[in-house]
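To start, the structure itself, in structure tokens.
Every chain is numbered from 1, with letters handed out A, B, ... down the list of sequences.
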Amino acid sequence: MIDLALLRSDPERVRESQRMRGDDEAVVDRVLATDARRRAALTEFEQARAEQKSLGRDVAQAQGDEKAALLVRSKELAQRVKALQADADAADAEARELLMSIGNLAEPGVPAGGADDFAVLRTEGTPRDFAAEGVPVRDHLELGEGLKAIDMERGAKVSGARFYYLTGVGAQLELAILNAAMGVATAQGFLPMITPTLVRPETMRGTGFLGNHSDEVYYLEKDELYLTGTSEVALAGYHTDEILDLSGGPLRYAGWSACYRREAGSAGRDTRGIIRVHQFHKVEMFSYVRSEDAAAEHERFLAIQESMLQALELPYRVIDTAAGDLGTSAARKLDCEGWLPSQERWMELTSASNCTTFQARRLAIRERGEDGTRAVATVNGTIGTTRWIVALLENHQQADGSVYVPPMLRPYLGGVETLTPVL
RNA sequence: GGAGAGUUGACCGAGCGGCCGAAGGUGACAGUCUUGAAAACUGUUGAGGCGUAACCCGCCUCCGCGGGUUCGAAUCCCGCACUCUCCGCCA
């Protein structure tokens, strides 16, 4: 939720952001109009209510005829108060709903436009020249099957499309990635957390995942619970309705969780292998930080992500996502995309979003300031996920179908330097 | 799944249908005293909103959440969530 006070004082700033995102800018004026109506109704209600309260005190003290007369008056007033309250509540709900429909303000510098309008900030590492090496490029699934690491067929038999089993070294490889990620995060001062993956509607809504992309989310109707697509949801919800003490620096958490995504809008995309699946695991960094420090925290996340990808010896590029491709909550999103040799394209491996005060405002997460409280900022970012298996297998494949293991992961794989196909 | 008890401010804990945003205590902060500290004493100490752009000030809302009864609800009624205890079931 954006700051209503800001929308009132600088509506053009909000319109500008809406344009950058490709969203409706007329909503800004609707918010202004509805808010004016809300305030008028509220004032009227409050005046009537004040009168009712003072009359009520008179009733309590009056006796006999005087009391009877006062009761008549206050009964009339009670009707009026009720009606005015209903008006005020309705106007408030309407204003709030409109305000909630506005995505976070894109940060200055974020490219305008949609999914294809991202800016490439830099490229690190060089994709291998497989032809020059004389290595025939196999895709991750072919490699994974050769290693007996990935079983899509049985995944489909048991659960359907986009489900899979990780078997043997595949399972070990995922655990290696996640454990390495957890280790790095912990060393960087993040508190390790294993989080719930089923959350209540308020939490899902508060984190901004029930907006445009609500089709992406699994919902358990019988229990009124949502399956989360990232531990960001549980980590953001963790401090709902709390006033935090950030005087000692940001609160940093590293959440480990299974992630569930319906992939409703991606029919036909990435159907082969485990690039785009309904269920996977992820370690996510999440910080609660003072508003003025959020951009620096965002950079910090990116640096940690890059250090992971470098340790895994994966070529990648960093992109600044365009405004129209930001999630509802994000003001800026920086992704690291790893090279995918089999398709000769880049594929998202990490994503880091600065949500500024947007999420915290919805979830009522504040800190104590000089006078009063103010919303904190939240920042989130990937530090390891199942999909990295794809990049590792493909980028580190050898001519014989074996796969080189970067030193960082070896301690988690019994020290092996190479994964060898099972014949 | 069944039965019961509970949910009040940073924390503990009172609370009669009518000056109750809420006694008392703890903690925190400030002051007095002290060389300093402790103790003692005194004072301050919740959030959101409207009037209003801001101050002062005034007013409204918030006693788990949502409804209802009433001129008036922390207090009475209903529903929901959560916590605890006992029983049952599963592991």
- Rounded distance in Å between the C1' positions of rA22(B) and rA30(B): 25 Å
- Message: If I pick the C1' atom on rC65(B) and the same atom on rA53(B), what distance separates them, to the nearest angstrom?
- Response: 35 Å
- Query: Any ion pair linking Glu202(A) and Arg205(A) (charged N to carboxylate O, less than 4.0 Å)?
  - Reply: no
- Base paired to rC90(B) (Watson-Crick or G-U; both N/O distances under 3.5 angstrom): none
- Message: Check this for me: Arg410(A), atom CZ, are more than 12 non-hydrogen atoms of other residues, nucleotides or ligands nearer than 6.0 Å?
- Response: yes
- Pairing partner (Watson-Crick or G-U wobble, both distances under 3.5 angstrom) of rA54(B): none
- Distance between C1' atoms of rC29(B) and rC84(B) (Å, rounded): 36 Å
- Message: Rounded to whole Å, how long is the line connecting atom CD of Gln85(A) with atom P of rC50(B)?
- Response: 16 Å
- Task: May I ask you to check whether Ser351(A) and Asp335(A) show a side-chain donor-acceptor distance below 3.5 Å?
- Result: yes
- Out of rC71(B), rC59(B), rC50(B), whichever nucleotide has its closest atom nearest the side chain of Ser74(A): rC71(B)
- side-chain N/O Lys82(A) vs rG67(B) OP1/OP2, d < 4.0 Å: no
- Task: For rC20(B), give its Watson-Crick or G-U wobble partner with both distances under 3.5 Å, or none.
- Result: none
- Query: Rounding to the closest angstrom, what is the interatomic distance between rU44(B) and rU34(B) at atom C1'?
  - Reply: 23 Å
- Task: With RNA chain B as reference, determine whether Arg366(A) or Arg38(A) sits nearer its 5' end, using the nearest nucleotide of each.
- Result: Arg366(A)
- Span that lies between the P atom of rG72(B) and that of rC62(B), in whole angstrom: 13 Å
- Message: Between Gln52(A) and rG72(B), is there a contact of a side-chain N or O with OP1 or OP2 at under 4.0 Å?
- Response: yes
- Query: What interatomic distance, in whole Å, is found between P of rU7(B) and the corresponding atom of rC63(B)?
  - Reply: 14 Å
- Message: Please report the distance, rounded to the nearest Å, between CG in Leu6(A) and P in rA53(B).
- Response: 15 Å
- Message: Please name the nucleotide paired to rC62(B) by Watson-Crick or G-U wobble geometry with both distances under 3.5 Å, or report none.
- Response: rG46(B)
- Of all the choices, rG49(B), rA81(B), rA47(B), which nucleotide is nearest to the side chain of Glu46(A) once you look at every atom? rG49(B)
- Can you tell me how far P of rC60(B) sits from CG of Leu77(A), to the nearest Å? 13 Å
- Query: Over how many whole Å does the gap from Asp241(A) atom CG to rG46(B) atom P extend?
  - Reply: 19 Å
- Message: Can you measure Leu99(A) atom CG to rG49(B) atom C1' for me and round it to whole angstrom units?
- Response: 15 Å
- Item | Side chain proximity check, Leu251(A) to His239(A), heavy atoms < 4.5 angstrom | yes
- Task: Answer yes when Asp35(A) and Arg39(A) have at least one side-chain N-carboxylate O distance shorter than 4.0 Å, and no when they do not.
- Result: yes
- Item | Nucleotide forming a Watson-Crick or wobble pair with rC33(B), both distances under 3.5 Å | none
- Could you work out the separation of rC60(B) and rC20(B) based on their P atoms and round it to a whole Å? 14 Å
- Paired nucleotide for rA14(B) [Watson-Crick or G-U wobble; both distances under 3.5 Å]: none
- Message: At 4.0 Å (heavy atoms only), tell me whether Glu76(A) reaches a base, stays on the sugar-phosphate, or touches nothing.
- Response: nothing
- Note on the structure: In Watson-Crick or G-U wobble terms, with both distances under 3.5 Å, the base opposite rG4(B) is rC84(B)
- Message: Taking the six-membered ring for Trp, are Tyr219(A) and Tyr226(A) closer than 6.0 Å centroid to centroid?
- Response: yes
- Item | Interatomic distance at C1', rG1(B) relative to rA73(B), whole Å | 35 Å
- Taking atom types as modelled, is there a side-chain donor on Ser342(A) or Glu394(A) under 3.5 Å from an acceptor on the other? yes
- Message: Please confirm whether the shortest side-chain N or O distance from Arg49(A) to OP1 or OP2 of rU61(B) is below 4.0 Å.
- Response: yes
- Item | Phosphate-side-chain proximity, Thr373(A) and rG48(B), N/O vs OP1/OP2 below 4.0 Å | yes
- Query: Between atom CD in Glu224(A) and atom C1' in rC65(B), what is the gap in whole Å?
  - Reply: 14 Å
- Counting side-chain heavy atoms from C-beta on, which of rC50(B), rU61(B), rG72(B) comes nearest to Lys53(A)? rU61(B)
- Interatomic distance, Asp92(A) CG vs rC50(B) P [rounded to whole Å]: 10 Å
- Note on the structure: Between Arg200(A) and Thr43(A), whichever has its closest RNA chain B nucleotide further toward 5' is Thr43(A)
- Note on the structure: Here the distance between atom C1' of rG49(B) and atom CD of Glu44(A), to the nearest Å, is 17 Å
- Item | Test item: side-chain donor near acceptor, Lys282(A) and Thr382(A), under 3.5 Å | no
- Whom does rU69(B) pair with, Watson-Crick or G-U wobble, provided both distances fall under 3.5 Å? none
